[in-house]
Undergrad: 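Before we start, here is the structure in question, set down as structure tokens.
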Amino acid sequence: MPSVLFVCLHRPDRSPSQRFRFEQYLTFLEANGYEVRFSYLLNAKDDKLFYAPGHYFSKFLILWKSLWKRVRETFFSRPADIVFVQRECFMLGTSFFEKRFARRSQLIFDFDDSIWLQNVSEANKKLGFLKNAGKTKDIIKVADLVIAGNQYLADYASQFNQAVTIIPTTIDTGQYTAKLVADDDGPVVIGWSGSFTTIQHFEFALEPLRRIKAKYGDRVGFMVIGDGSYRNTELGITGQPWVAATELQDLQQIDIGIMPLPDDEWAKGKCGLKGLQYMAAGIPTIMSPVGVNSEIIKDGENGFLASTTDEWVEKLSQLVESVDLRRKLSVNGRRTVEEKYSIEANKQKYLEGMRIVLRDS
């Protein structure tokens, strides 16, 4: 039985990147004859400390513990047939462990953001000098297979490695059931889902949302999921935290889902997860036409694309005013996810990737 070691930073069911990239496929791989192991660095307690401001001594201890774990795995543990690295093995600017894994096993490298660009959490800005986003290309060079979340990322990876395949970020459409778009019987809720690290993207939509509020008054409401500390009194928003157990129920309180993004190099690498979650949940969706969003959305058919403030206001207004339009985009958006961005539509690609690297070993 071939073995696969999945290597990442976060514990299961914590990181969206891990959950919607590979964690959903572990049971499928086991059912197809693979022994699956999982190695992460940050437990719940360490995670809270690591992403909080200060706590430098605690962070040093977390780094030391993480370093020793990776040393044990790469020098002293039984090698797996395949090591699958999601984004990075270690949180500092070294590709040493990926290179070491590549000497002992077949290495698959998976990434879903423009991680070759420096991006440090606000809480760890003072430790930014320890990061080295340039290590991404070094990891790509030693990988036996690179899995990119979209064409933009694949184009970057192809500069350093010809064994590149695209597998989009995917949704478990067995768990994500579509809501029914009901007749108007209350405020139409315009919502955004993300995290405290991406809340600045929501704020790109503030001006059109202010105009929608001025236009429709109590006919509309607004919701932010994922940042429990967020407040906007003008729009009446009290952010609510992301909770795994109620994720879908929370999303289905939204009547129109929005995914605003800046048109920059980092955003071009994003894989459209927020929009795909809305669409899988049957929520009519508006996205900025940045990166893969323009591939996911066929404007006016399965969702809307909006660039300027006027476009956002126009398309939000159409959805606020028309239940029939919301129903149309709900049905077509869900169908798009099922056909192209679901586990069912992509699981064989993961299996084939494993077979290719084992065959070539």
Undergrad: Testing Trp68, Phe75, Phe90 one by one against Phe97 for a ring pair (Phe, Tyr, Trp, His ring centres under 6.0 Å), which residue passes?
TA: Phe90
Undergrad: Ignoring hydrogens and angles, state whether a donor on the side chain of Thr173 or Glu344 is under 3.5 Å from an acceptor on the partner side chain.
TA: no
Undergrad: So, do Leu319 and Phe304 sit near enough that their side-chain heavy atoms are less than 4.5 Å apart?
TA: yes
Undergrad: Between Thr136 and Arg87, is any side-chain donor less than 3.5 angstrom from a side-chain acceptor?
TA: no
Undergrad: Can you tell me if Lys215 has over 12 outside heavy atoms packed within less than 6.0 Å of its NZ?
TA: yes
Undergrad: Side chains of Lys349 and Asn346: is there a donor and an acceptor less than 3.5 Å apart?
TA: yes
Undergrad: Keeping the roles fixed (side chain from Asp144, backbone from Leu107), state whether a donor-acceptor pair exists under 3.5 Å.
TA: yes
Undergrad: Identify the two heavy atoms, one from Glu339 and one from Ala345, that lie closest to each other, and give their separation to 0.1 Å.
TA: O-CB, 3.5 Å
Undergrad: Nearest heavy-atom pair of Val320 and Arg219: which atoms, and what distance?
TA: O-NH2, 3.9 Å
Undergrad: Any side-chain heavy-atom pair from Trp192 and Pro260 closer than 4.5 angstrom?
TA: yes
Undergrad: Quick check on the hydrophobic clustering: are Leu251 and Phe20 connected, directly or via other members, by side-chain heavy-atom contacts under 4.5 Å?
TA: yes
Undergrad: Please examine the side chains of Val83 and Gln106, heavy atoms only from C-beta on, and report whether any two atoms are closer than 4.5 Å.
TA: no
Undergrad: I need the Leu209 CG to Asn232 CG distance, nearest 0.5 Å.
TA: 8.5 Å
Undergrad: Any sub-3.5 Å donor-acceptor pair from Thr308's side-chain atoms to Ala306's backbone N or O?
TA: no
Undergrad: Listing request: all salt bridge (charged side-chain N to carboxylate O under 4.0 Å, His left out) pairs with a residue in residues 201-213, at least two apart in sequence or in separate chains.
TA: Glu207-Arg210, Arg210-Glu234, Arg211-Asp310
Undergrad: Identify the residue among Arg335, Arg334, Lys340 that makes a salt bridge (Lys or Arg N to Asp or Glu O under 4.0 Å) with Glu338.
TA: Arg334
Undergrad: In the single-linkage hydrophobic clustering (I, L, V, M, F, W, Y; side-chain heavy atoms under 4.5 Å), do Val4 and Ile356 co-cluster?
TA: no
Undergrad: How many angstroms lie between CG in Asp47 and CG in Leu41, if you round to the nearest 0.5 Å?
TA: 11.0 Å
Undergrad: Please report the interatomic distance CD1(Ile108) to CG(Leu145), rounded to the nearest 0.5 Å.
TA: 5.0 Å
Undergrad: Should Asp110 and Val146 count as side-chain neighbours, where that means a heavy-atom distance under 4.5 Å?
TA: no
Undergrad: Testing the basics here: between Pro262 and Ala267, what is the closest heavy-atom pair and its distance to 0.1 Å?
TA: O-CB, 3.1 Å
Undergrad: Mind checking the OH-CD1 spacing from Tyr156 to Ile115? Nearest 0.5 Å is all I need.
TA: 8.5 Å
Undergrad: Just by distance, no angles: are the side chains of Ser195 and Thr197 close enough, under 3.5 Å, to form a donor-acceptor pair?
TA: yes
Undergrad: So, Glu311 side chain and Ser307 main chain: donor-acceptor pair closer than 3.5 Å or not?
TA: yes
Undergrad: Linking I/L/V/M/F/W/Y whenever their side-chain heavy atoms sit closer than 4.5 Å, directly or via other members, would Val7 and Leu358 fall into one cluster?
TA: no
Undergrad: How long is the span from the CD atom in Glu314 to the CD1 atom in Ile286, to the nearest 0.5 Å?
TA: 10.0 Å
Undergrad: Show the nearest heavy-atom pair for residues Ser114 and Leu153, with the distance to one decimal.
TA: N-CD2, 3.9 Å
Undergrad: Is it true that a side-chain atom of Ser322 and a backbone atom of Gln318 form a donor plus acceptor pair closer than 3.5 Å?
TA: no
Undergrad: Do Asp81 and Ser3 pair up side chain to side chain, a donor and an acceptor below 3.5 Å, judged on atom types alone?
TA: yes
Undergrad: Just wondering, more than 12 heavy atoms not from Gln249 lying within 6.0 Å of its CD?
TA: yes
Undergrad: Please confirm whether the backbone N or O of Ile140 pairs with a side-chain atom of Asn161, one donor and one acceptor, at under 3.5 Å?
TA: yes
Undergrad: Can you check whether Gln252's main-chain N or O pairs, donor with acceptor, with Lys179's side chain at less than 3.5 Å?
TA: yes
Undergrad: Please table the atom pairs, donor to acceptor, closer than 3.5 Å between any side-chain atom in residues 270-279 and protein atoms at least two apart or in another chain.
TA:
from	atom 1	to	atom 2	distance (Å)
Lys270	NZ	Asp113	OD1	3.4
Gln277	NE2	Tyr176	OH	2.8
Gln277	NE2	Glu247	OE2	3.3
Tyr278	OH	Ser193	N	2.9
Tyr278	OH	Ile258	O	2.8

Undergrad: So, Glu265 versus Tyr152: side-chain donor-acceptor pair below 3.5 Å or not?
TA: yes
Undergrad: Examine distances only and state if a side-chain atom of Ser15 and a backbone atom of His10 form a donor-acceptor pair shorter than 3.5 Å.
TA: no
Undergrad: Linking I/L/V/M/F/W/Y whenever any side-chain heavy atoms sit under 4.5 Å apart, do Val331 and Val323 land together?
TA: no
Undergrad: To the nearest 0.5 Å, how far apart are CD in Glu301 and CD1 in Ile297?
TA: 10.0 Å
Undergrad: Is any side-chain heavy atom of Lys347 closer than 4.5 Å to one of Thr170?
TA: no
Undergrad: Check whether any side-chain heavy atom of Phe101 sits under 4.5 Å from a side-chain heavy atom of Val142, and report yes or no.
TA: no
Undergrad: Would you say the ring centroid of Phe6 lies under 6.0 angstrom from that of Phe22?
TA: yes
Undergrad: Would Gln18 and Glu23 count as having a side-chain donor-acceptor pair, cut-off 3.5 Å?
TA: yes
Undergrad: Answer yes or no: is there an ion pair linking Lys135 with Asp138, defined by an N-O contact shorter than 4.0 Å?
TA: no
Undergrad: Test your reading of the model: is there a side-chain donor-acceptor pair from Lys268 to the backbone of Val290, 3.5 Å cut-off?
TA: no
Undergrad: Kindly indicate whether the side chain of Ile237, heavy atoms from C-beta on, has any atom under 4.5 Å from the side chain of Arg231.
TA: no
Undergrad: Please determine whether residues Phe204 and Leu261 belong to a single hydrophobic cluster, defined as Ile, Leu, Val, Met, Phe, Trp and Tyr linked transitively by side-chain heavy-atom distances below 4.5 Å.
TA: no
Undergrad: Under the 3.5 angstrom rule, does the side chain of Ser105 hit a backbone N or O of Ala80 as a donor-acceptor pair?
TA: yes
Undergrad: Do any N or O atoms from the side chain of Thr198 and from the backbone of Gly194 form a donor-acceptor pair under 3.5 angstrom?
TA: no
Undergrad: Take Thr336 and Asn302 through the side chain to side chain donor-acceptor pair (under 3.5 Å) test and state the conclusion after the steps.
TA: CA-CA 7 Å; Thr336 296; Asn302 61 353; 2.9 Å; yes
Undergrad: Side-chain contact test, heavy atoms from C-beta onward, threshold under 4.5 Å: evaluate it for Ile147 versus Arg21 and give yes or no.
TA: yes
Undergrad: Are the charged groups of Arg37 and Glu35 less than 4.0 angstrom apart, N to O?
TA: yes
Undergrad: Could you tell me which non-hydrogen atom of Pro187 sits nearest to which non-hydrogen atom of Gly221, and how far apart they are?
TA: CB-N, 4.1 Å
Undergrad: Quick one: sort the Trp116 and Phe111 rings into parallel, tilted or perpendicular, breaks at 30° and 60°.
TA: perpendicular
Undergrad: I'd like to know whether Ser330 forms a side-chain contact (heavy atoms from CB on, under 4.5 Å) with Ile283, so could you lay out the CA-CA distance, the side-chain angles of the two residues, the decisive distance to 0.1 Å, and finally the verdict.
TA: CA-CA 5 Å; Ser330 170; Ile283 301 166; over 6 Å; no
Undergrad: Do you know the tightest heavy-atom contact between Gln24 and Arg19?
TA: CG-O, 2.8 Å
Undergrad: Going by salt bridge (Lys or Arg N to Asp or Glu O under 4.0 Å), Asp324 matches just one of Arg326, Lys328, Arg327. Which one?
TA: Arg327
Undergrad: Considering the options Phe196, Tyr230, Phe222, which one meets the ring pair (Phe, Tyr, Trp, His ring centres under 6.0 Å) requirement together with Phe202?
TA: Tyr230
